[in-house]
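Given the structure is predicted, the values throughout are model-derived calculations rather than measurements.
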Amino acid sequence: MAFKLNISVSFICLMVLVLATGSYGGGISIYWGQNGNEGTLAETCATGNYEYVNIAFLATFGNGQTPMINLAGHCDPYSNGCTGLSSDIKSCQAKGVKVILSIGGGAGSYSLSSSDDARQVAMYLWNNFLGGTSSSRPLGPAVLDGVDFDIEGGTGEHWDDLAKYLSGYSKKGKKVYLTAAPQCPFPDAWVGNALKTGLFDYVWVQFYNNPPCQYSSADIANLEDAWKQWTSDIPATKIFLGLPAAPDAAGSGFIPVNDLTSKVLPAIKNSSKYGGVMLWSKYYDDQSGYSSSIKSHV
């Protein structure tokens, strides 16, 4: 009886919090891997600032290519030098951080030529990074939590097939989380169709390098309108506000901390689909301290 009462009291407290603030609490997602001077993966998780870490990137795959991960100065995949990351991945997961493999990126060589190509890429990802088995797992034996679609080139074809095949592997045991990083103009040119499947758990929308839908100090309306469209039209569990972690992390779209906490977050946190903030990237966050400054407001 006491147990049931405690649950009820906790639930009521949560509801009071949501009703009082009119907003939902969120977490921070970070991209790690594209700068050797951003600290280790284990150090990244040890900050306590991030709930999700996207390992960036599996930049080459599909269309008959040998898949290849690129982690800049962190390790050399060509000499099997990234397998040591398994202990870091497990350290992160032990802290409750979800560690996700991001595929694609702004400078990769990737595309899917057919539904069968998507099936083969999904099998490769399952066997080499997720719950399957392979003699040549690039990051060692650790089992990642999911796959992030950061598709910024190639074509928009067959990403929905890839999502369906990857989602199917959840039936084999541990859930495979699916996330994506579309650009804020709606619908996204590359993963727009994939997002319609309703299979994605977290969608961190890039509200930067896209002036028509990003924040400007003079006007929050463009961002707010885009946010409403994303949260109402995409059947994902949670939508995140994707931002540069420092002014030089992107061509445009950086939001000063005070503007984010006083104007932007209050305008978007009343959505039940609000999941938090995504930042590019750990390297720039180290320079600016952005995540530490916003964490209590997210």
Side-chain angles (χ1 to χ4, degrees), residues 31 33 52-71 77-78 80 82-83 85-86 89 93 98-183 187-204 234-238:
Y31 279 83
Y52 315 91
V53 176
N54 301 288
I55 296 181
F57 294 103
L58 183 76
T60 303
F61 64 89
N63 206 16
Q65 301 177 95
T66 301
M68 186 54 69
I69 197 164
N70 175 324
L71 297 179
Y78 290 93
N80 233 17
C82 300
T83 55
L85 280 173
S86 265
I89 292 164
Q93 291 169 331
K98 287 189 172 54
V99 185
I100 298 161
L101 175 70
S102 187
I103 65 172
S109 168
Y110 51 85
S111 65
L112 298 174
S113 58
S114 64
S115 175
D116 190 59
D117 191 17
R119 183 186 62 79
Q120 290 181 44
V121 169
M123 190 188 305
Y124 170 81
L125 292 168
W126 169 255
N127 285 329
N128 287 278
F129 296 98
L130 301 168
T133 53
S134 161
S135 60
S136 57
R137 289 173 68 96
L139 304 181
V143 177
L144 296 183
D145 294 291
V147 177
D148 175 56
F149 289 43
D150 184 14
I151 307 305
E152 304 186 35
T155 75
E157 299 290 308
H158 305 297
W159 301 111
D160 52 345
D161 294 322
L162 182 60
K164 288 169 191 167
Y165 288 123
L166 284 171
S167 180
Y169 283 112
S170 286
K171 300 182 182 77
K172 296 203 170 192
K174 180 174 162 178
K175 174 178 166 63
V176 177
Y177 283 86
L178 295 183
T179 70
Q183 311 291 314
D188 183 73
W190 292 288
V191 293
N193 282 336
L195 292 173
K196 288 181 193 166
T197 62
L199 296 172
F200 285 80
D201 299 285
Y202 311 122
V203 178
W204 9 86
I234 290 297
T237 309
K238 294 291 179 187

Please find the pair of heavy atoms, one from [X] and one from [Y], that lie closest to each other, and give the distance.
X	Y	result
Val203	Ala236	CG2-CB, 3.6 Å
Tyr165	Ser115	OH-OG, 3.2 Å
Ser102	Asp150	OG-CB, 3.5 Å
Ser86	Ala142	OG-N, 2.8 Å
Ala59	Tyr110	O-CD2, 3.5 Å
Pro138	Ile69	CB-CG2, 4.4 Å

Are [X] and [Y] close enough that some pair of their side-chain heavy atoms sits under 4.5 Å apart?
X	Y	result
Ile103	Val121	no
Trp204	Asp148	yes
Leu71	Leu85	yes
Gln93	Val99	yes
Tyr78	Met68	yes
Leu144	Leu139	yes
Lys175	Asp201	yes

Member of Ser113, Ser114, Ser109 meeting the side chain to side chain contact (heavy atoms under 4.5 Å, CB included) criterion with Asn63: Ser113
Matching residue for Ser170 among Val176, Leu199, Leu130, Leu178 - test: side chain to side chain contact (heavy atoms under 4.5 Å, CB included): Val176
Rounded to the nearest 0.5 Å, what's the gap from [atom1] on [X] to [atom2] on [Y]? Could you check?
X	Y	atom1	atom2	answer
Thr179	Lys238	OG1	NZ	15.5 Å
Asn193	His158	CG	NE2	11.0 Å
Leu195	Trp190	CG	CH2	13.5 Å

Full working for side chain to side chain contact (heavy atoms under 4.5 Å, CB included) between Lys196 and Asp160: CA-CA 8 Å; Lys196 288 181 193 166; Asp160 52 345; over 6 Å; no
Kindly assign one of parallel, tilted or perpendicular to the pair [X] and [Y], based on the angle between their ring planes and the thresholds 30° and 60°.
X	Y	answer
Trp159	Phe149	perpendicular
Tyr124	Phe129	perpendicular
Tyr177	Tyr202	parallel

Short question: side chain of [X], backbone of [Y] - any donor-acceptor pair under 3.5 Å?
X	Y	answer
Glu152	Ala181	no
Gln65	Gly62	yes
Asn70	Phe57	no
Asp188	Gln183	yes

With Ser134 via side-chain contact (heavy atoms from CB on, under 4.5 Å) - residues at least two apart: Asn127, Asn128, Ser136, Arg137
Side chain to side chain contact (heavy atoms under 4.5 Å, CB included) assessment of Val143 paired with Lys174: CA-CA 9 Å; Val143 177; Lys174 180 174 162 178; 4.0 Å; yes
Side chain to side chain contact (heavy atoms under 4.5 Å, CB included) assessment of Leu125 paired with Leu58: CA-CA 10 Å; Leu125 292 168; Leu58 183 76; 3.7 Å; yes
